[in-house]
Amino acid sequence: MSQSEDTSAQTTSLTNHDRTPIHIPGSIQPHGVLLALSNQLEILQVSSNTQAYLGKEPEDLLGQPLNCLLDARQVEIVKQCWGKKIGSANTFKVSILTSSGERHFDGIVHRTKEAVILELEPSISESELSFLGFQALASEAIAKMQEASNLAECLHLVAGQIRNITELDRVMVYQFDQQGSGSVIAEVKREDLSPYLGLHYPNTDIPAQARELYRRCFLRFIPDLNARLVPLIPQENPITQQPLDLSYSLLRSFDSCCVEYHQNMGVTCLLVISLIREQQLWGLISCHHQTPKYIPYEVQKMCEFLGQIASSELAHKISHSEWDYKVKLKALQSEFLESISQADNFIDALIKPEIRLLDLVSASGAAVCLDNEITLVGTTPDIDQVRTLIEWADSQVNDNLFSTDSLPQLYPEAAAFKDTASGLLLLRISKVRRYYILWFRPEVIQTVNWAGNPNDSIKVEADGSVTLCPRTSFAQWQETVRLTSLPWQPCELDSALALRNAIVGIVLSKADELAKINLELERSNKELASFAYAASHDLKEPLRGIYNFSTVLLEDYNQILDDDGIECLQTVVSLSVRMETLINSLLRLSQLGQAQLRLQMNDLNELLNQVIEVFRASRQDFQFVNIRISRPLPTIQCDRVLVNEVFSNLIGNAFKYNDKAEPWVEIGYLDTDEHPLVFYVRDNGIGIPEHHLETIFRLFKRLHSQEKYGGGAGAGLAIVKKIIELHDGRIWVESTVGVGSTFYFTLQ
Ligand code: ADP
């Protein structure tokens, strides 16, 4: 490959050896002559071939003013160079009178930091391409490139154009990848030559220094790699004592490595044109010829111009397709935003339809992890593999993102699922809540047709230093790049981050909404509680009136009333008694709604004894009941009065709803190490049907008529539940009808 010219120079990055940088070789190629001038246009250095071109020995020129060679008009053109940017060249026609007559040259002048460099290449007057001819060719080329439907076609066209005007054996277009290695993506050649199209070249073939020169200087021409190089006289600039910087020189010489490299390919003449995108070297148009061939300067410039057109067209074509892709990703992002903001179910919004989540970053699989719940989409590793992968990848995250196209190389366990996830893109939405989205790409087994074994080009010396040497074999050498996926593009990473922003924004605004609703709920709860309190309190007064007047009627007017009237009045009395009980329960419950807990350490044994004593004192039937306490109860922090009410209610119910000859109730707590402790009140009573195990805790819910089991308001368990919830606890019941019930509860 032609790019390896100057290969030895790249050893600066690989070895400690002090090598000559490629831009100051101290010599030029023999197809022209070079003069280095001071800012006063005095000749400081010349190539040693001046006699052949100018009819003067170097000694006759050194120290002389430029006007000893050029006329005043030409000198003026050279002078203007000082006002120009370093490297930017002026081209003009030069005629010089020598002892053998007038000679014509193409003069190319540019400046370096310290000198003006004038290079003269003999004009070939019989050049077939006139300006108009070239203009026609260029506009045709532009039109065709613009019409080309894709990049490869466009570059093939330009390769063809360049081959047409140069008549070189082979014209290739070579594209670099992110690592600097590259491949031949277009080729036009003499039919009998073997094709290089599709071959890959390692980055070691194109040294960093050479790349930098190709980036700055778009044309490089070596008509004959076997030509004898022409040294500069003197070797160093007599003013600065520095070697002459030939970075922008067209005649700059080449080194032996370059010769050897190309000899291996059977190449003698080389023309290289840079392809630039966004000021970076995107690729090269590399032209080979088997025999020495001189291409007139004008034609070289035409090739350079075509290269520039190709550069701008390729930039346009790439931007176009990147733009299309970005637009597609943006559309997906806004679709996501819409569905996430409207969704009740967040996961559904993300994964329905599944393809949308995958398309967002062009992945083949994805996993959504919310609070350790993992949902898989497309082709992915299994749930356990994803779970452990998240643990590892989370430590790699930077700015909420981690991506790699060679996961198994960083995380060896991934070798087991390389087929689904050689590439990973992980988006962290919340570490605390464990919200992650992962995207996967499979292994792309890229069989690379290296042009020669890339390892052959690196030689490790005895002292351990590394040098590059031209590879001797250009036979196709296959290497498989394993455990690698297609790379993630910056716009895909942006797309993932945009999704994160959308999710975070929406989750935050949902949390805001929730906080508002909670506040509103709290306010209306308070209002309701105070309303219930006021209502029940106020209802009691007229109720008392109804009761009192009914009893007065019964007592003082029972002579006047008949039996039916008396019975009606008795019902009014008993209903108002019952209503008072109901109102009292309601009052109690609403009081609890506003209650402040008085927490303190309470010995539950003591507390329970008190409850039992009250029972025994107040109820005859309680004198001999069987109350078992399985083992001493602990001392815990709770509100004494309220917990007393809990035990009173539960123990009261245990005996109330009991039809056994020998009723018993057992009070204790479960034997576990777990916190909080689970207390229970167990009986051998009538039991509760399964479908009522929850409803019995509702206010005024009774399972029996008033006449049975001593009646009741149906509020006891609702009050118990409220008290337990005030303690941040929980209550539930297990029961078997006819056998008995156990009420369990916790008090945090
Ligand atoms: P009340 O006892 O005033 O009816 P509760 O709220 O205390 O109200 O109880 C609600 C209902 O739950 C009761 O009517 C009863 O049917 C059922 N219940 C409560 N405790 C028990 C128990 N230990 N065994 C069987 N049923 C019970």
Side-chain angles (χ1 to χ4, degrees), residues 532 536 540 543 574-593 595 608 611-612 614-616 618-619 621-622 625-630 641-670 678-727 729-747:
S536 39
K540 279 176 86 171
L543 189 64
S574 75
L575 281 177
S576 56
V577 170
R578 178 156 164 66
M579 191 161 173
E580 191 175 16
T581 326
L582 292 179
I583 288 176
N584 282 339
S585 310
L586 200 61
L587 210 56
R588 178 72 189 124
L589 206 64
S590 66
Q591 273 171 347
L592 283 175
L608 207 60
V611 173
I612 296 165
V614 171
F615 268 122
R616 291 214 162 116
S618 60
R619 288 173 57 173
D621 52 338
F622 249 81
V625 293
N626 185 356
I627 297 182
R628 307 169 187 167
I629 298 176
S630 50
V641 177
L642 297 184
V643 173
N644 188 309
E645 202 170 339
V646 168
F647 278 115
S648 302
N649 262 305
L650 294 179
I651 296 171
N653 279 351
F655 286 111
K656 195 164 138 191
Y657 300 102
N658 202 316
D659 54 359
K660 301 293 181 316
E662 290 178 4
W664 54 257
V665 56
E666 182 186 319
I667 297 134
Y669 63 101
L670 297 184
V678 178
F679 299 98
Y680 64 85
V681 177
R682 180 169 295 142
D683 62 49
N684 63 338
I686 58 169
I688 303 159
E690 197 175 342
H691 59 280
H692 281 307
L693 291 181
E694 286 193 16
T695 52
I696 52 169
F697 293 101
R698 285 195 211 142
L699 183 60
F700 302 142
K701 178 70 187 177
R702 299 201 75 243
L703 304 184
H704 313 282
S705 62
Q706 274 304 315
E707 304 80 54
K708 281 189 158 181
Y709 303 108
L717 287 181
I719 290 172
V720 165
K721 188 167 185 247
K722 182 84 202 171
I723 294 173
I724 285 171
E725 283 172 355
L726 281 173
H727 281 82
R730 211 161 66 79
I731 182 165
W732 69 101
V733 59
E734 285 173 5
S735 184
T736 310
V737 174
V739 178
S741 313
T742 307
F743 284 82
Y744 295 97
F745 63 93
T746 61
L747 295 164

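Order of appearance sets the numbers: ligands from 1, and atoms from 1 within every ligand. We number each residue from 1, following the sequence as shown.
Scanning for side-chain contact (heavy atoms from CB on, under 4.5 Å) contacts around E690 gives L693, with sequence neighbours left out. K660 meets the side chain to side chain donor-acceptor pair (under 3.5 Å) test with no other residue; sequence neighbours excluded.
For a heavy-atom separation below 4.0 Å, the residues in contact with ligand 1 are N653, A654, K656, Y657, D683, I686, G687, I688, I696, K701, R702, L703, H704, G712, A713, G714, A715, G716, L717, S741, F743.
The backbone N or O of V611 sits nowhere less than 3.5 Å from a side-chain atom of S648 that would complete a donor-acceptor pair. Checking side-chain atoms of S735 against main-chain N and O of I688 turns up a donor-acceptor pair under 3.5 Å. Between the N658 side chain and the V665 main chain, no donor and acceptor come within less than 3.5 Å of each other.
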N/O donor to acceptor pairs below 3.5 angstrom from side-chain atoms of residues 698-705, sequence neighbours left out:
unit_1, atom_1, unit_2, atom_2, d
R702, NE, G712, O, 3.3
R702, NH1, H704, O, 3.0
R702, NH1, S705, O, 3.4
R702, NH2, Y657, OH, 3.1
R702, NH2, G711, O, 3.2
S705, OG, E707, OE1, 3.2

